[in-house]
There are 2 protein chains.
Amino acid sequence: MAGVESEKLPQNFRKEIVQRVSRNFLDILVLRLIQTEPMWGYKIIKKTEKLFGIKLRHGALYPLLNQLEKKGFVRSRKVAKGGRVRKVYEITPKGIQLVDSYYDFLREQLQRLDIKEV
Amino acid sequence: MAGVESEKLPQNFRKEIVQRVSRNFLDILVLRLIQTEPMWGYKIIKKTEKLFGIKLRHGALYPLLNQLEKKGFVRSRKVAKGGRVRKVYEITPKGIQLVDSYYDFLREQLQRLDIKEV
DNA sequence: CCTAATATGTCAAAAATAAGACATATTGTA
DNA sequence: TACAATATGTCTTATTTTTGACATATTAGG
């Protein structure tokens, strides 16, 4: 019996990777969304679920947004929509810089796939 | 040196990003190193310091390596070098699959920079 | 001989994170 | 009039992760 050994379909770890990136780089994920289009917390939650299938807990997101503002990565303005008040965030130049640094590093990592000896 | 400081240098978050990636994707970093060339723990520590300027604590690395082996991402063989025994690790097909999944996701992220509406 | 370097391992305590409840207010809809 | 959805916030309690110490053994070099 040749080749009986499991020729399993190659495992896909994508889901796992997406989850890990979302957990550990949630700030950058959020900055990217805000960069694309100014947004408020509730919309970020809905958007993230649609785009990535990830349910953000609001108890995690709102403190994060406030922290990002305090650090100067985003700025917010309150926008009344009916009787509700939305806190609409937009990215700052500093925030853009952080996102860019992240992407620069990703590119670097991809290019270095062939490292042998240094 | 004329007018060197007239323009604010854009902040570079590279160091911070490298640290975060190393902390959260240490397993993949290690797998990459092992994929390039079979290696033992101590060498990984030295290599990582040279390549990325990151000092891994051996108290964190060795349990990680054992875990990676238990999960089938690497396999090891003991190689005597003088009177010392090195546990040389090599990557498995499953390990390669994980690294590939990671890189696929990075590529995907870079391509999606221009998302507007989905 | 002694110290630094090589080499691998465990484990408890400390620190950081995450989950989920508590809190409040408006609007749309059945 | 309820209930679901929109909207933002805090805070305590798990859970997880990290730090750093304890442990052991060999080799190289001053």
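Residue numbers begin at 1 in each chain, while the letters A, B, ... track the order of the sequences.
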* Figure out the CG/P separation between B:N24 and D:dT16, and round it to whole Å. => 16 Å
* To do: Rounded off to whole Å, could you give me the CG-to-P distance for the A:L61 and D:dT10 pair?
  => 12 Å
* Please answer: with hydrophobic residues joined when any side-chain heavy atoms are less than 4.5 Å apart, are B:V85 and B:V88 in the same cluster? => no
* Structure fact -> Residue pairs passing the salt bridge (charged side-chain N to carboxylate O under 4.0 Å, His left out) test with at least one member in residues 60-69 of chain B, sequence neighbours excluded, are none
* To do: Produce a footprint string for nucleotides 7-16 of chain C: one letter per nucleotide, 5' end first; B if the base is under 4.0 Å from any protein heavy atom, S if only the sugar-phosphate is, - if neither.
  => BBBBB-----
* Determine which pairs satisfy ring pair (Phe, Tyr, Trp, His ring centres under 6.0 Å) with at least one residue from residues 68-97 of chain B, sequence neighbours left out, and list them in order. => A:F13-B:F73
* Asked: Counting any heavy atom closer than 4.0 Å, what does A:K46 reach on the DNA or RNA strands: base, sugar-phosphate only, or nothing?
  -> sugar-phosphate
* To do: Kindly write out the residues that satisfy ring pair (Phe, Tyr, Trp, His ring centres under 6.0 Å) with A:Y42, not counting sequence neighbours, or none if the list is empty.
  => none
* Structure fact -> To the nearest angstrom, the CG-P distance between B:L64 and D:dT17 comes to 12 Å
* Asked: CD of A:Q19 versus P of C:dA18: gap in Å, rounded?
  -> 13 Å
* Can you list every salt bridge (charged side-chain N to carboxylate O under 4.0 Å, His left out) pair that touches residues 86-97 of chain B, not counting sequence neighbours? -> B:R75-B:E90
* **Atom-to-atom span, CZ of A:R20 to C1' of C:dT17 - whole angstrom** => 16 Å
* **Between C:dA18 (P) and A:L56 (CG): distance, integer Å** => 12 Å
* **Separation of D:dT10 C1' from A:Q67 CD (nearest whole Å)** => 14 Å
* Structure fact -> Atom CG of B:D27 and atom P of D:dT17 are separated, to the nearest Å, by 11 Å
Which donor-acceptor pairs under 3.5 Å do the side chains of residues 17-26 of chain A make with protein atoms, sequence neighbours left out?
unit_1	atom_1	unit_2	atom_2	d
A:R20	NH1	B:D27	OD2	3.0
A:R20	NH2	B:N24	O	2.7
A:R20	NH2	B:D27	OD1	2.8
A:R20	NH2	B:D27	OD2	3.4
A:S22	OG	A:V18	O	2.7
A:N24	ND2	A:R20	O	2.8

